[in-house]
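Model, not experiment: these values are computed from the prediction. So that the names make sense, note that chain A is the first sequence line, chain B the second, and so on, each numbered from 1.
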Amino acid sequence: MTAPTIFWFRNDLRLSDNPGFSQAVAEGTVMPIFISEEESAEAFKMGAASRWWLHHSLEKLDRSLQHKLNFYRGNSLEVFKKLLQHSPIKAVYWSRSYEPLAFQQEQAVAQLLEQKNIPFQSFNASLLWEPCEVLKKDGKPYQVFTPFYVEALSRSAAIRKPLPAPTSMKLCRDQSNLDDLNSLALLSKIPWHHKLHSCWKVGEQEAQEQLKIFLQNGLEGYQQHRDFPAFSATSRLSPHLHFGEISPHQVRQTTQQAALKTVKKDADAFLREVAWREFSYYQLFHFPELPWKNFQSKFDPFPWRHNADLLRAWKEGKTGYPIIDAGMRELWQTGTMHNRVRMIVASFLTKNLLIDWRDGAAWFWDTLVDADLASNGLNWQWVAGCGVDAAPYFRIFNPVLQGKKFDAEGEYTRRFLPELSQLPKKFLFTPWEASEAILKEAGIILGKTYPFPIVDLQQSREEALQAYHLL
DNA sequence: TGAAATGTTGGGGCG
DNA sequence: ACGCCCCAACATTTC
């Protein structure tokens with residue numbers, strides 16, 4: 001048997017539109033591998049919800065690969081060193097990561113392969129635009145989304161057409177490898193994740209299916225409906241995109257084809273959101289400290305509060321503000337949160353509670369199935385006001401008004417806060433204003449079945465404005 | 001991809 | 001008929 005080409009799967013867990021994989025298959029026998037770096041460095045630790053997703057995504061991918069996917073644990077450089085000792089390798093291909101640490105790892109592997117004189121090649125499988133190519137006239141990266149997007153769109157012609165999945169593959173296993181998917185220990189022993197099964201369908205086929213469902217049912221009116229958390233008007237593609245079960249190229253092309261029949265402005269609005277994902281990776285590429293360092297360094301001395309009780313109340317959805325609590329419970333129960341509500345809860349944490357955006361980001365990292373280093377960092381910094389093209393510091397969401405405006409019927413809030421389900425619409429976002437009789441009728445005992453507000457909105461708003469103003 | 005404070009306008013009630 | 005006040009509705013400014 002001739003030596004196989006290794007294809008190193010990373011966050012590109014699909015067979016279709018995977019340029020490196022297609023090329024490897026076209027050139028002969030392929031040994032597909034996946035490396036979990038989680039044990040090798042704290043920085044690679046994934047959140048519990050992401051691990052759940054990854055486990056099932058790998059399971060699906062392994063099935064598509066005729067159960068030939070090879071699993072390894074540890075530092076990727078060490079894994080490759082061992083791999084190269086065992087058997088002759090023709091070449092190594094992979095899809096580039098645009099996350100700083102993962103990029104460093106692949107650079108180290110590339111160096112090793114160079115030394116060993118083994119051909120290798122990396123591919124862009126996950127971004128529509130190479131971060132290093134889209135630059136301002138002065139050669140510096142864009143810091144504002146809109147001009148970035150205008151420039152990016154002008155380069156649309158260069159975007160590759162999505163590739164079909166290979167029709168026939170010769171795959172092989174690494175016989176010396178004893179690890180399997182379960183050795184990666186991605187699933188928590190506590191069966192909390194069972195509830196995620198009813199919310200999500202993981203995998204490449206499922207991602208394609210979800211895109212179709214969204215384009216058929218959700219695209220028309222997307223621009224208006226996407227703001228209302230009770231509707232299912234969002235694409236729900238983010239975890240699929242994060243793990244590369246579907247590529248932005250596929251999303252873009254299929255959306256544009258669908259848009260020929262439906263409303264163009266909705267398609268544009270949707271693709272603009274996909275472009276925000278690009279912008280996040282773009283910023284992460286040019287500012288690798290994005291996930292943990294203020295983009296605007298003047299925020300560095302900001303006096304964030306370290307109040308464990310307030311933070312816990314926020315995490316558990318027990319702040320006493322129903323739209324906040326509904327969002328936080330949705331997150332815990334389903335591994336996601338509607339985009340509008342993410343902004344509201346993030347504003348509440350960073351402005352009303354004056355808690356460090358990194359604490360919020362860490363919780364999202366642990367609980368979101370679409371937790372993404374680039375998007376999480378960019379968007380938290382956006383809300384906190386310290387980020388790229390950020391929201392101004394004085395933009396403070398009022399959870400009562402936001403609830404009334406974007407969940408006017410209270411459907412979303414009641415869905416995730418069953419203890420308030422009997423409360424009349426008039427008081428749903430201000431239960432503390434309801435009379436004793438009304439609360440009793442609704443079966444609510446404030447401070448017992450549902451908390452009193454943990455902060456005063458007006459006062460905390462004033463304090464935030466004052467603190468931010470001092471910057 | 002806000003909200004609150006402040007300013008302006010115009011219609012109606014009323015002496 | 002007129003001026004005055006009130007206030008809702010909308011617009012602008014400010015944080």
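The aromatic rings of A/Phe279 and A/Phe148 sit tilted, their planes meeting at an angle between 30° and 60°.
The environment of A/Lys405 atom NZ is sparse: at most 12 non-hydrogen atoms of other residues, nucleotides or ligands sit within 6.0 angstrom. Within a 6.0 Å radius of NE2 in A/His469, other residues, nucleotides and ligands contribute 12 heavy atoms or fewer. More than 12 heavy-atom neighbours from other residues, nucleotides or ligands sit within 6.0 angstrom of CD on A/Glu151.
Shown are A/Ile323, A/Leu457, A/Ile396; of these, the side chain to side chain contact (heavy atoms under 4.5 Å, CB included) with A/Phe348 is made only by A/Leu457.
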- Item | ring pair (Phe, Tyr, Trp, His ring centres under 6.0 Å) evaluation trace for A/Trp380 with A/Trp357 | CA-CA 6 Å; A/Trp380 271 98; A/Trp357 60 269; 7.8 Å; no

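A donor-acceptor pair is defined here as one N or O able to donate and one able to accept, closer than 3.5 Å; no such pair exists between the side chain of A/Trp129 and the backbone of A/Tyr149.
Contacts with DNA chain B (heavy atom under 4.0 Å) in residues 462-471 of chain A: none are found.
When DNA chain B is scanned in the 5' to 3' direction for atoms under 4.0 Å from non-hydrogen atoms of chain A, the outermost contacting nucleotides are B/dT1 to B/dA4.
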